[in-house]
Amino acid sequence: MTVEELAAAVLDACDAEKVDHMVTGAFAVSFYGIPRSTKDVDVLISLMGGDPIQPVVSRLESIVDFDPQVQFDTLTWGKRLVGVTRQSPPLKVELFEMFNDPFVLSQFARKRQRFSEQIGRATWLPTPEDVVVQKLRWGRNKDLDDARDVLAVQGPETLDMVYIEKWCAQHGTTERLRAALAGIPPL
Amino acid sequence: MASIHDDPAALKALQDDIYRERVLRARKMTAEQRLAEALELTNSVFVRMHEGAMWQLGTTDAALGWQEVRRRLTRLGRVHDEGRFVLEKPTPP
């Protein structure tokens, strides 16, 4: 199974269960920044309408072995469910449940639909501004590189920097934003 | 011959040049092309990881190679998730 086949299967499962969703992680970063490899397909799933994760998980059960133990993000306390493909290669699927976090809600409401020939279907993605804000908020080294890459490739002049600065101020990540911008050499 | 690693300014200039080239290359691509390249890179990285694991194990058994890749990725996942994800949400005081 290729990573695009896995992504298509996950998104098809969401559609089949009428679960609103958005692809995040390396897919979104590569769409707006510098293409890089990944080990997983990350999808944010909307909680609206009950308990959507289990039916999606059930639809994927034949190809993905999900850990029954739900995990919590220590930064936001959002829920994450992790699975690994049963066949090789061992690709990971991470399903994040949308929750009542102002930024996550804003990011989800602003998502955009794009068609991917490789995945073979339409895909919902966050805006580049939201990718930058989220990556700066997570703040691991790889996240900070991803944020800088999106800022560099898109160009701050084309981005809604007021929106980015507003959320960075709320998340206490303004210094990270400054450092990411300062890390971009003159182009 | 002096090594560039002994000259921080020259090293920084080289790093900037490499990064600039990567950014300008990405800018010339469409978003769809960038995503396609990321997918291709991902699939190819898994093939390389599998080859590397088999070579290290000294085996021609593909299943054994994938088993080792799976083991390594599980360990790597634990390292990346350490402190970032927990199994229980603390109860508020």
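Just so we're clear, the structure is a prediction, and the values are computed from it rather than from any experiment. Chain letters run A, B, ... following the sequence lines, proteins first and then strands; every chain starts at 1.
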message: If you compare all heavy atoms of B:L35 against all heavy atoms of A:S116, which two are closest, and at what distance to 0.1 Å?
response: CD2-OG, 3.8 Å

- request: Would you indicate whether A:K79, at its atom NZ, is surrounded by more than 12 heavy atoms from other residues, nucleotides or ligands within a distance under 6.0 Å?
  value: no

Test item: B:R27 side-chain N/O and A:A152 main-chain N/O as donor-acceptor pair under 3.5 Å: yes

- prompt: In this structure, are over 12 heavy atoms from other groups packed under 6.0 Å from A:Q113 atom CD?
  reply: yes

message: Check for me, please, whether A:I53 and A:V84 land in the same ILVMFWY cluster - side-chain distances under 4.5 Å, paths through other members count.
response: no

task: Taking A:S37 for its side chain and B:V45 for its backbone only, find out whether a donor-acceptor pair lies under 3.5 Å.
output: no

- request: Identify whether A:V153 and A:M161 are in the same connected component of the hydrophobic contact network (ILVMFWY, side-chain heavy atoms under 4.5 Å).
  value: yes

message: Are there residues of residues 6-16 of chain B whose heavy atoms fall under 4.5 Å of chain A's heavy atoms? If so, which?
response: B:D16

statement: So CG of B:L41 and CZ of A:R36: to nearest 0.5 Å the spacing works out to 10.5 Å

- prompt: Looking at B:A38, B:S44, B:A26, which one has more heavy-atom pairs under 4.5 Å with chain A than the rest?
  reply: B:A38

field: Same apolar cluster (I L V M F W Y, side chains within < 4.5 Å links), A:V29/A:L181
entry: yes

query: CD/A:E117 to CG/B:L39 distance, rounded to the nearest 0.5 angstrom?
result: 11.5 Å

field: Interatomic distance, B:D81 atom CG to A:E94 atom CD [nearest 0.5 angstrom]
entry: 6.5 Å

message: Would B:R84 pass as a cation-pi partner of A:F72, given that its NZ or CZ must be under 6.0 Å from the six-membered ring centre and within 45 degrees of the axis?
response: no

query: What are the two closest non-hydrogen atoms of B:R70 and A:T85, and how far apart are they?
result: NH1-O, 2.9 Å

- prompt: Any donor and acceptor pair, going by atom type alone, linking the side chain of B:R20 with main-chain N or O of A:P186 inside 3.5 Å?
  reply: yes

Toward chain A, the part of B:E88 with a non-hydrogen atom under 4.5 Å: backbone

- prompt: Quick check: does any side chain N or O of A:S88 sit under 3.5 Å from a backbone N or O of B:W66, one acting as donor and the other as acceptor?
  reply: no

message: At a heavy-atom distance under 4.5 Å, which candidate from A:T74, A:T2, A:D149, A:T38 has the highest pair count against chain B?
response: A:T74

task: State yes or no: do A:L136 and A:W138 share one hydrophobic cluster built from I, L, V, M, F, W and Y residues joined by side-chain heavy-atom distances below 4.5 Å, directly or via other members?
output: no

Pairwise side-chain contact, B:T42 with A:F27, heavy-atom cut-off 4.5 Å (strictly under): no

message: Quick check: do A:K92 and B:L73 have side-chain heavy atoms less than 4.5 Å from each other?
response: no

field: Winner by heavy-atom pair count (cut-off under 4.5 Å) against chain B, out of A:R114, A:Q118, A:Q154
entry: A:Q118

field: Side chain, backbone, both or neither of A:V70 within contact of chain B (heavy atoms, under 4.5 Å)
entry: backbone

- prompt: With a cut-off of 6.0 Å (strictly less than), are more than 12 heavy atoms of other residues, nucleotides or ligands near CZ of B:R25?
  reply: no

query: Can you say whether A:E5 sits under 4.5 Å from chain B via the side chain, the backbone, both, or neither, judging by heavy atoms?
result: neither

- line: All heavy atoms of A:L187 vs all of B:V23, minimum pair found to be CD1-CG1, 3.9 Å

message: Taking side chain as everything from C-beta outward and backbone as N, CA, C, O, which of these in B:H80 sits under 4.5 Å from a heavy atom of chain A? Side chain, backbone, both or neither.
response: both

task: Kindly give the heavy-atom pair with the smallest separation between A:I34 and B:R22, and that separation in Å.
output: CG2-NH2, 3.4 Å

query: Is a donor on one side and an acceptor on the other found under 3.5 Å between the side chain of B:R34 and the backbone of A:P35?
result: no

message: If I take atom CD from residue A:Q69 and atom CZ from residue B:F85, how far apart are they, to the nearest 0.5 angstrom?
response: 13.5 Å

message: In this structure, would B:V86 and A:L75 fall into the same cluster of hydrophobic residues linked by side-chain contacts under 4.5 Å?
response: no

- prompt: For chain B, which of A:F31, A:Y32, A:F115 has the most heavy-atom pairs under 4.5 Å?
  reply: A:F31

message: Heavy-atom pairs under 4.5 Å with chain B: which of A:I184, A:V82, A:L91 has the most?
response: A:L91

